[in-house]
Engineer: 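For reference, the structure I am asking about is given below.
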Amino acid sequence: MVGRSSFLIVANRLPVDRNVEQDGTASWRRSPGGLVTAIAPVMQRRHGAWLGWHGAADEELEPFEQDGMSLIPVPLSATEVELYYEGFSNATLWPLYHDVVAPPIFERPMWETYRAVNERFANAAAEAAEEGAVVWVQDYQLQLVPAMLRKLRPDLRIGFFLHIPFPPVELFWRLPWRRELVEGLLGADLVGFQLPGGAANFRRLCRRLLGVPYKGNEIFLEDRVVTTQAFPISVDFGELDSMVREPQVISRAKEIRMELGDPEHVLLGVDRLDYTKGIGQRLEAFGELLKEGRIGPGEAVFVQIATPSRERVDEYRRLRDDIELQVGRINGENSVLGNQPIQYFHQSYGKQELAALYLAADVMLVTPLRDGMNLVAKEYVSCHHDLHGALVLSEFAGAADELRQSFLVNPYDVEDVKRQMLTAMRATPHELARRMRTMRRRVATYDVDRWASEFLTALETPASAPATSHSASWRSG
Ligand code: GDG
């Protein structure tokens, strides 16, 4: 049994995956990802705990220790996974917050289950936190938790970070449960967003929906102040930078190029197979360049890694079929014996293999229709101390705010994507080095450690006192 903690992370998933051996023995492995790496040292220093679902439905587990972290599993039934996770989180909120690039589903049972599961997370957090603890709630699956938790434990310092974009008021307004969601978030002391634009959307929404005033970053409720601020997330620059200097990663990168037939240009895409990522748009652009003969036979190979994701949600099943049909068509029309222009993989890879792929790629294609940040863009930059490589980046990725020296594109404009792909392929080494150097400086300085520590410092710094002169008409609780 784990005691109460002074620092608590509350997230949909625990930071571990269960690994079952052939003989049936099971063990836990830390899941890959910057969030865990950034937070693990803080966890160890503060005897922190992480609360989240462990990934198997209809199973209750006792709290356990792993890698110096206390892990508190929150159970979910199969129906809850369907309605709260696949339903309200991934079929309602995800498309709504990503500019409605797919139609959101509004169904009451999904909402009711979302609320019930959020309540369970809030109750578990209230039990696990010691007096005056700092609690950091993560992402769109748990937006009601801050207010629910504050009601149970007004002594806590509560932070919330949204990893995906916060939409403009006009889009958010469609949500039948808009008021409950906004009130849920306002239960936090600090609400963090990827970009200043998301924070501004949220403040405007609060004023229009609840009539609460704001000034600068602060929203003034009757009894307290909520700070809203941008904290652009980043990657573990140091880890990637040293990984690509390891001899086995360097030789693997060379091997990858050889296995691809040693083309002049290796183009790469790495994404969860998600309709927000603009995979179809970049395939279309590449296909047209081949068809028009602007990329010659054997001149370029485009490797697309599409990691399996949310496979039980209808929209994702359709997307997989569409992408695979498109890859088949383009390859069918443009392949020559022994050379397929698109190499498509619906698989997951280890960290080292991914680093080798980044290192091997001359052009990285990151073309989402909307993305909170996009870590792949920052990972690619972290892997190029050789100052080689071009990043083609969508203006609609949060990362575009920082990586201004990339080859920026509007993914809705296929001619623009084609033009920038070619410009990236034809750029001189000097030009590439100039761009890459500036981007690397940015990612090296604002890495994921800095992201976590800036958020936590802001969370632990009390905001201005609630001033009655701001005349808030809405009271939290
Ligand atoms: C959400 C927001 C925001 C991918 N395939 C493999 C693999 N990956 C890793 C990448 C990268 C991560 O997954 C994907 O991160 P992204 O940021 O690109 O996208 P989302 O999953 O949509 O993340 C996003 C992020 O949260 C953080 O706040 O940036 O905007 O949507 O790290 O490398 N990793 C391994 N094998 C794979 O096959 N090991």
Side-chain angles (χ1 to χ4, degrees), residues 9 11-13 15 17 29-39 89-90 93-99 101-102 136-142 160-167 192-195 197-198 230-237 239-240 243-244 249 268-279 303-310 313 316 319 344-359 361 364-383 391 393-394 396-403 443 446-448 451-452 455:
I9 296 285
N12 173 56
R13 279 298 307 269
D17 298 312
R29 271 204 216 141
R30 193 191 274 201
S31 15
L35 187 63
V36 193
T37 321
I39 290 168
S89 298
N90 289 330
L93 294 173
W94 179 268
L96 182 70
Y97 281 33
H98 285 90
D99 280 0
V101 295
W136 188 1
V137 183
Q138 307 285 329
D139 228 358
Y140 62 102
Q141 302 92 349
L142 300 175
F160 179 91
F161 184 78
L162 184 70
H163 290 258
I164 66 175
F166 195 85
F193 300 86
Q194 300 277 22
L195 300 183
F231 300 90
I233 199 169
S234 193
V235 297
D236 191 342
F237 180 90
E239 187 195 24
L240 289 163
M243 203 183 277
V244 288
V249 175
L268 176 67
V270 175
D271 312 80
R272 271 187 313 99
L273 186 47
D274 193 296
Y275 52 78
T276 60
K277 300 289 182 185
I279 301 171
V303 179
Q304 176 64 53
I305 313 279
T307 314
S309 181
R310 304 175 190 170
V313 180
Y316 287 76
L319 172 76
Y344 167 83
F345 302 91
H346 184 248
Q347 297 166 32
S348 296
Y349 293 88
K351 263 184 169 181
Q352 286 216 337
E353 179 72 2
L354 209 55
L357 278 160
Y358 286 141
L359 185 59
M364 184 80 215
L365 301 171
V366 180
T367 57
L369 303 173
R370 179 59 76 192
D371 214 331
M373 177 54 59
N374 196 294
L375 298 179
V376 167
K378 291 185 172 181
E379 288 165 2
Y380 181 70
V381 166
S382 308
C383 287
L391 174 64
L393 180 60
S394 163
F396 299 102
D401 269 26
E402 293 170 84
L403 305 178
V443 182
Y446 290 89
D447 67 354
V448 71
W451 169 78
F455 185 93

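Atoms within each ligand, like the ligands themselves, are counted from 1 in listed order.
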Engineer: To check you understand the geometry: which heavy-atom pair defines the closest contact between Val270 and Gln304, and what is its length?
Structural biologist: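 Here Val270 and Gln304 meet closest at N-NE2, 4.1 Å.
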Engineer: Would you say the side-chain atoms of Glu402 and Tyr446 include a donor-acceptor pair closer than 3.5 Å?
Structural biologist: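 Short answer, no.
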Engineer: Taking only heavy atoms of Gly372, which atoms of ligand 1 are found under 4.0 Å from at least one of them?
Structural biologist: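 Those atoms are 30 (O).
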Engineer: Between Ile233 and ligand 1, which residue portion shows a heavy-atom distance shorter than 4.0 Å: side chain, backbone, both, or neither?
Structural biologist: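 Within the 4.0 Å criterion, Ile233 contacts ligand 1 through side-chain atoms alone.
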Engineer: With a cut-off of 4.0 Å, which atoms of ligand 1 are near a heavy atom of Val376?
Structural biologist: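 Those atoms are 10 (C), 18 (O).
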Engineer: Could you walk me through whether Ile233 and Leu375 satisfy the side chain to side chain contact (heavy atoms under 4.5 Å, CB included) test, starting with their C-alpha distance in whole Å, then the side-chain angles of each, then the deciding distance to 0.1 Å, before giving a yes or no?
Structural biologist: CA-CA 8 Å; Ile233 199 169; Leu375 298 179; 3.8 Å; yes
Engineer: Which value, rounded to the nearest 0.5 Å, describes the distance between Leu369 atom CG and Ile279 atom CD1?
Structural biologist: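 CD1 of Ile279 is found 10.0 Å from CG of Leu369.
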Engineer: Counting only heavy atoms closer than 4.0 Å, does ligand 1 sit against the backbone of Leu354, its side chain, both, or neither?
Structural biologist: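 Only the side chain of Leu354 comes within reach of ligand 1.
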Engineer: Under 4.0 Å from any heavy atom of Glu379, which atoms of ligand 1 are there?
Structural biologist: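 Within the 4.0 Å cut-off of Glu379, ligand 1 contributes 10 (C), 11 (C), 32 (O), 33 (O).
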Engineer: Evaluating non-hydrogen atoms only, which member of His163, Lys277, Met373 is closest to atom 20 (P) of ligand 1?
Structural biologist: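 That would be Lys277.
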Engineer: Roughly how far, to the nearest 0.5 Å, is the CG atom of Asn90 from the OH atom of Tyr140?
Structural biologist: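 With rounding to 0.5 Å, OH (Tyr140) is 4.0 Å from CG (Asn90).
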Engineer: Looking only at distances, please establish whether an N/O atom of ligand 1 is found under 3.5 Å from an N/O atom of Trp94.
Structural biologist: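 Among all N and O atoms of Trp94, none is under 3.5 Å from an N or O of ligand 1.
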Engineer: Measuring from Leu273:CG to Thr307:OG1, what's the distance to the nearest 0.5 Å?
Structural biologist: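 Rounded to the nearest 0.5 Å, the CG-OG1 separation comes out at 8.5 Å.
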Engineer: Could you check whether the rings of Trp136 and Phe455 sit parallel, tilted or perpendicular, using 30° and 60° as the cut-offs?
Structural biologist: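 Ring orientation of Trp136 relative to Phe455: parallel.
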Engineer: Which atoms from ligand 1 have a heavy atom of Gln194 less than 4.0 Å away?
Structural biologist: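 The atoms of ligand 1 under 4.0 Å from a heavy atom of Gln194 are 3 (C), 28 (O).
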Engineer: I want to know if ligand 1 touches His98 in the polar sense, i.e. an N/O pair below 3.5 angstrom.
Structural biologist: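 No, His98 has no N/O under 3.5 Å of an N/O on ligand 1.
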Engineer: What are the atoms of ligand 1, with element, lying closer than 4.0 Å to any heavy atom of Thr307?
Structural biologist: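 This gives 4 (C), 5 (N), 6 (C), 38 (O) as the contact atoms.
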Engineer: List the atom of Tyr344, the atom of Ala306, and the distance in Å for their closest heavy-atom pair.
Structural biologist: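 The pair with the smallest heavy-atom distance is CE1-CB, 4.0 Å.
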Engineer: Calculate, to the nearest 0.5 Å, the distance between atoms CZ and CD belonging to Phe231 and Gln194 respectively.
Structural biologist: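 Phe231 atom CZ to Gln194 atom CD measures 11.5 Å (nearest 0.5 Å).
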Engineer: Nearest to atom 36 (N) of ligand 1 by heavy atom, Tyr358, Trp451, Tyr349: which?
Structural biologist: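 Looking at heavy atoms only, the winner is Tyr349.
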Engineer: Give me the ring orientation class for Phe161 and His163: parallel if the planes are under 30° apart, tilted from 30 to 60°, perpendicular past 60°.
Structural biologist: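 Answer is perpendicular, since the angle exceeds 60°.
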Engineer: Indicate yes or no: does an N/O atom of Ile305 lie under 3.5 Å from an N/O atom of ligand 1?
Structural biologist: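 In this structure, Ile305 places no N or O atom under 3.5 Å from an N or O of ligand 1.
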Engineer: Which of the numbered atoms in ligand 1 are under 4.0 angstrom from any heavy atom belonging to Arg272?
Structural biologist: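 This gives 20 (P), 21 (O), 22 (O) as the contact atoms.
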Engineer: Using a strict cut-off of 4.0 Å, indicate which atoms of ligand 1 neighbour a heavy atom of Ser348.
Structural biologist: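 With Ser348 as reference, the close atoms of ligand 1 come out as 38 (O).
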Engineer: Say whether Phe161, considering both its backbone and side-chain N or O atoms, lies within less than 3.5 Å of an N or O atom on ligand 1.
Structural biologist: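 Looking only at distances, the answer is no, because the N/O contact criterion of under 3.5 Å is not met.
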